[in-house]
Amino acid sequence: MVSRRNFLGGAALAVGTVSKVAMAALPEPVTQTSPDTQPPLQPASGRPYNPVVTLNGWTLPWRMGSGGVKEFHLVAEPVVREMTPGFKAHLWGYNGQSPGPTIEVVEGDRVRIFVTNKLPEVTSMHWHGQRLPCGMDGVSGLTQAPIAPGKTYVYEFVARRPGTFMYHPHADEMVQMAMGMMGLWITHPKGKHPLIDTVDRDYVFLLNAYDIEPGSATPKIMTMLDFNLWSWNSRVFPGIAPLVARQGEKVRIRVGNLTMTNHPIHLHGHEFTVTGTDGGPVPRSARWPEVTTDVAVGQMRQLDFIADEEGDWALHCHKSHHTMNAMGHDLPTMIGVDHRQLARKITQLVPDYMVMGERGMHDMTEMEMPLPDNTAAMMAGSGPFGPVAMGGMFSMLKVRKDQKPGDYSDPGWFKHPPGSLAYEWQGPLAEPARPALPQPAGGVEVQIRKPSGGHHGH
């Protein structure tokens, strides 16, 4: 990776010396390939702000151009993203990763973004939710000509309002967004804002989804609904990093959704309030406590809360299929089916045959089944008490009283105080009292009518 210190140091030398002739010179593109969460990028120039932490991501450095313009350089290109240890996907993204790096600016900043296309087809850049001139909106064919392969376009506008926004193509977006082309944009308030509180930790991530068959690496771009990898910032649990906090800190989580469906994001152990959307801060009179908030397609939700309960608290999408990896579709339900005799016959022909699913799916978390190379396991997370039996859109909020301010390292598993852990009951169990229910005279007759016409159109 190109050193941020070298990048910013070199940029500082150029402040005030760039002429109009040289203004079009490209800022040095900075890349990142590590899937780890990078520490917040403290602003080295321009107005101060409290930086965010991008979950399993990073913030794009900038240089100060002539006239105090913040200049960024995004490179649209094929990338390889490690979605979880042992599984890498061939995606499209920006500056070495999918999603691309987070862009952070301050309300009132004039920004100039150079976008270079290293894809095999045309692209563009739409600044989702921004107030800007129409010609900078990035809709290919409508507000601009597409960016041809090998070409660079310049977008320039003023960040007019604070909030959380996204960027993505509006050129062949069915393909390009399915391949992972997206990123986050944070505009910080220029001063104390009546509706935006100061927080101790500010996390941000995107919801995205892919359809990648086991053993392969490239998404199927024609999929509309049946995705099998539900991810945060193109990572799936157990590859998603935990969110850590010191007990008593005020925490903000910003979540943007660029999948094809909505996601009810649920936090255990705490209540939060939705304090902002991509439309702006929510008036205080319109806020109420929640433990789950639905983030619809194309939306952003900003959640604020006090991390006052120690522990390892689950944070996940509450759609149960979205907390599993590499889901197969159109599989029959085998719960309750006794196929021991059939299994004995099959194993005579296929010695390694295993019966799966007749008791539910949890057994699969304990099986060490061989998987095709480069395949994410369905449920591969392990905790201090065994398999977590989760995958996909799942992580943890880890709250510790001794976590140092500004320390984002994983503190390990929580040590439960005596008397605060659920345990197995060893005593006798009384037989339940079952009230006698009246039975109808003559028994119960059930009539079944098979519908005609199938299920098409439902």
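Because only heavy atoms are used, hydrogens play no part in the values below, and waters and symmetry mates are left out as well, while side chains stay in.
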Is the side chain of K118 donor-acceptor paired with the backbone N or O of P149 at a distance under 3.5 Å, no angle test? no

Taking C-beta and beyond as the side chain, do Q302 and M300 meet within less than 4.5 Å on heavy atoms? yes

Between the side chain of D109 and the main-chain N/O of A159, is any donor-acceptor distance below 3.5 Å? no

Donor on one side chain, acceptor on other, H316 and H322, under 3.5 Å: no

Backbone of R252 reached by a side-chain donor or acceptor of Y203 within 3.5 Å: no

Between K88 and E82 (salt bridge meaning N to carboxylate O under 4.0 Å), is one present in this structure? no

Roughly how far, to the nearest 0.5 Å, is NZ of K70 from CD of E156? 14.0 Å

Given ring pair (Phe, Tyr, Trp, His ring centres under 6.0 Å), test F305 with F272 step by step and report yes or no. CA-CA 5 Å; F305 62 96; F272 57 77; 7.2 Å; no

dist T292:OG1 -> L267:CG (nearest 0.5 Å) comes out at 8.5 Å

Would you check if L258 and H168 make a side-chain contact, meaning some heavy-atom pair closer than 4.5 Å? yes

Within the distance-only criterion (no hydrogens, no angle test), does the side chain of Q176 pair as donor or acceptor with the backbone N or O of V122 below 3.5 angstrom? yes

Keeping the roles fixed (side chain from R81, backbone from G96), state whether a donor-acceptor pair exists under 3.5 Å. no

Using a distance-only test with no angle check, is there a side-chain donor-acceptor pair under 3.5 angstrom linking S45 and W62? yes

With side chains defined as the heavy atoms from C-beta onward, is the minimum distance between W232 and L55 less than 4.5 Å? yes

Over all atoms of both residues, closest heavy-atom pair of E107 and P189: OE1-CA, 3.7 Å

Locate the shortest heavy-atom distance separating M64 from G68; write the atom from each residue and the value. CE-O, 3.4 Å

Is any side-chain heavy atom of M222 closer than 4.5 Å to one of M174? yes

For Y153 and S124, which I'm curious about, is there any donor-acceptor pair between the side chains at under 3.5 Å? no

Interatomic spacing from OG in S409 to NZ in K398 - rounded to 0.5 Å: 10.0 Å

Minimum heavy-atom separation for F394 and T323, please, with both atom names. CB-CG2, 4.5 Å

Which atoms form the tightest heavy-atom contact between Q32 and Q97, and what is the distance? O-CG, 2.9 Å

I need the H170 NE2 to M125 CE distance, nearest 0.5 Å. 11.5 Å

Can you name the nearest heavy-atom pair linking G138 to Y155, along with the distance? CA-CE2, 4.2 Å

Between P281 and L195 the two heavy atoms that sit nearest each other are CB-CB, 3.6 Å

Hey, does F205 have a side-chain heavy atom less than 4.5 Å from the side chain of V53? no

Short side-chain to backbone donor-acceptor contact, S420 and H416, under 3.5 Å: no

CE of M390 to OG of S395: how many Å apart, nearest 0.5 Å? 12.0 Å

H318 pairs by side-chain contact (heavy atoms from CB on, under 4.5 Å) with which of M393, H263, H266? H266

Would you say the side chains of Y408 and Q38 form a donor-acceptor pair under 3.5 Å? no

Do N233 side-chain atoms and R235 backbone N/O form a donor-acceptor pair below 3.5 Å? no

Applying side-chain contact (heavy atoms from CB on, under 4.5 Å) between R254 and each of D278, D202, L206, report the one that passes. D202

Could you tell me the separation between the CG atom of N50 and the CD1 atom of I196, rounded to the nearest 0.5 Å? 12.0 Å

I want to check something: taking the side chain as every heavy atom from C-beta on, are L303 and T275 in contact at a cut-off of under 4.5 Å? no

T116 and H73 side chains, donor-acceptor separation under 3.5 Å: yes

Regarding S234 and S98, do their side chains bring together a donor and an acceptor under 3.5 Å, going by distance alone? yes

Can you pull the salt bridge (Lys or Arg N to Asp or Glu O under 4.0 Å) pairs that have at least one residue in residues 283-296, sequence neighbours excluded? D197-R284

Find out whether T273 and W288 are in side-chain contact, i.e. whether some heavy atom of one side chain is under 4.5 Å from a heavy atom of the other. no

Answer with yes or no whether the side chains of N208 and T259 bring together a donor and an acceptor at under 3.5 Å. no

Salt bridge present between D312 and R400 (N-O < 4.0 angstrom): yes

Indicate yes or no for a side-chain donor-acceptor contact from R161 to the backbone of G279 under 3.5 Å, with no hydrogens or angles considered. yes

Sidechain-backbone polar pair: S216 side chain, T218 backbone, donor-acceptor under 3.5 Å: no

With K319 as the cation and W230 as the aromatic partner, state whether NZ or CZ is under 6.0 Å from the six-membered ring centre and within 45° of the axis. no

When the aromatic ring centroids of F165 and W127 are compared, is their separation below 6.0 Å? no

Are the side chain of N95 and the backbone of V75 linked by a donor-acceptor contact shorter than 3.5 Å? yes

Does the pair K250/D200 count as a salt bridge with the N-to-O cut at 4.0 Å? no

Would Y167 and W185 count as a close aromatic pair, with their ring centres under 6.0 Å? no

Go through M396 and F414 one step at a time and tell me if the side chain to side chain contact (heavy atoms under 4.5 Å, CB included) criterion holds. CA-CA 11 Å; M396 292 153 285; F414 182 61; over 6 Å; no

Could you check if a side-chain atom of V52 sits within less than 4.5 angstrom of a side-chain atom of T102, using non-hydrogen atoms only? yes

